[in-house]
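These notes concern the structure reproduced below.
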Amino acid sequence: MSAHLFGYNALTTTAAACLFLASILLNPAASAQVRPSESIRSSPNAIVGQTIGTTDISITYGRPSVRGRVIFGELVPFDAVWRTGANEATTITFTGDVTIEGEPLAAGTYGLFTIPRDNGEWTLIFNNTAEQWGAYRYDPGEDILRVNVSATEAPHTEQMLFLFEDVKDSSGKAVLYWKDVRVAFRIDEQ
């Protein structure tokens, strides 16, 4: 029997498959929360990513829509922990160590929660428990980092959106837009 299978060397194909599986198992982003897609969701799943320096960053979240509702202060109460999206808690993954608003954060995958306040100050929370539904089982004892940032006014965004802005060689901003609010936080590679 030939050592070639469909024109590929069987040994090379096996080695490539092993490397692929190893990259999935060893990549922190690959171990991030799995979001089932068996049915259409009214708040669809989304993933946004950016490389800052040599660190890959990804944010996985559910994208709720405004649909004429009062968002901040009603649907999303002020002064309470919010999952920062819909459905499963939002997760953020860093493949390298970073600083968030100047505070150190180790590589890993975290639940990204927020506490919106009526005065425009928001608390960003990076929590060790990434895989959970909403914030119903949120445990502040699992918080790794909390930082405060200011929300600013922005043009209407119907469906919640994360993106990256002002990306430079080793820094950038992750930004949340929803309704008429913009919340940005600075990320620097360590």
Side-chain angles (χ1 to χ4, degrees), residues 23-24 27-37 41-66 71-72 75-76 81-116 122-138 142-152 154 157-168 170-179 181-190:
S23 72
I24 289 174
N27 181 354
S31 64
Q33 184 174 34
V34 176
R35 293 176 183 258
S37 294
R41 293 179 173 200
S42 59
S43 299
N45 295 329
I47 300 172
V48 63
Q50 179 67 52
T51 301
I52 294 179
T54 59
T55 299
D56 294 327
I57 303 164
S58 63
I59 302 172
T60 305
Y61 63 107
R63 295 187 66 196
S65 295
V66 174
I71 301 302
F72 300 107
L75 181 67
V76 176
V81 173
W82 175 44
R83 70 182 104 188
T84 318
N87 309 317
E88 297 88 351
T90 293
T91 62
I92 188 165
T93 299
F94 305 95
T95 61
D97 296 345
V98 296
T99 61
I100 306 294
E101 293 291 316
E103 298 295 325
L105 185 63
T109 298
Y110 302 95
L112 177 61
F113 297 92
T114 52
I115 302 174
W122 284 40
T123 299
L124 302 175
I125 304 167
F126 298 83
N127 186 278
N128 250 344
T129 307
E131 296 187 30
Q132 58 182 297
W133 184 265
Y136 303 108
R137 293 187 177 178
Y138 164 78
E142 292 293 313
D143 291 353
I144 299 301
L145 176 65
R146 284 182 172 224
V147 295
N148 291 325
V149 295
S150 295
T152 57
T157 303
E158 177 64 24
Q159 195 171 43
M160 195 181 99
L161 173 69
F162 273 103
L163 53 85
F164 290 86
E165 296 178 350
D166 301 325
V167 176
K168 304 200 176 19
S170 62
S171 67
K173 290 181 182 173
V175 185
L176 165 89
Y177 285 96
W178 196 26
K179 177 78 171 161
V181 170
R182 176 185 183 271
V183 179
F185 58 97
R186 183 181 171 99
I187 303 170
D188 290 279
E189 183 178 50
Q190 282 191 3

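Predicted model only: the values in this text are computed from it and were never measured.
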Within this structure, what is the [atom1]-[atom2] distance for the pair [X] and [Y], rounded to the nearest 0.5 Å?
X    : Y    : atom1 : atom2 : answer
R186 : E101 : CZ    : CD    : 8.5 Å
L163 : I59  : CG    : CD1   : 9.0 Å
L176 : T114 : CG    : OG1   : 7.5 Å
T90  : I125 : OG1   : CD1   : 12.0 Å
T93  : I47  : OG1   : CD1   : 9.5 Å
I144 : L105 : CD1   : CG    : 8.0 Å

Discussion item. Ring-plane angle category for F126 and F94, please: parallel below 30°, perpendicular beyond 60°, tilted otherwise.
Written reply: tilted
Please check if the side chain of [X] supplies one atom and the backbone of [Y] the other of a donor-acceptor pair under 3.5 Å.
X    : Y    : result
W178 : E158 : yes
R182 : Y177 : no
D97  : A107 : yes
T95  : D56  : yes
S170 : D188 : no
N87  : S43  : yes
E189 : T54  : yes
Q190 : V98  : yes
Q159 : S65  : no

Determine the minimum heavy-atom distance between [X] and [Y], stating which atoms define it.
X    : Y    : value
F164 : G49  : CE1-C, 3.9 Å
M160 : G85  : CE-CA, 3.6 Å
K173 : A184 : CD-CB, 4.4 Å
P116 : V76  : CG-CG1, 3.8 Å
S171 : I52  : N-CG2, 3.3 Å
L145 : P104 : CD2-O, 4.2 Å

Practice prompt. Step by step, work out the side-chain contact (heavy atoms from CB on, under 4.5 Å) result for T60 and N45.
Written response: CA-CA 7 Å; T60 305; N45 295 329; 6.0 Å; no
Practice prompt. Apply the side-chain contact (heavy atoms from CB on, under 4.5 Å) test between W122 and each candidate in N148, V181, T84; give the one that qualifies.
Written response: V181
Does the side chain of [X] reach to within under 4.5 Å of the side chain of [Y], using non-hydrogen atoms?
X   : Y    : result
W82 : I115 : no
Q50 : I187 : no
Y61 : L161 : yes

Discussion item. So, applying side-chain hydrogen bond (donor to acceptor under 3.5 Å, both in side chains) with Y138, which one of D143, T129, N127 is it?
Written reply: D143
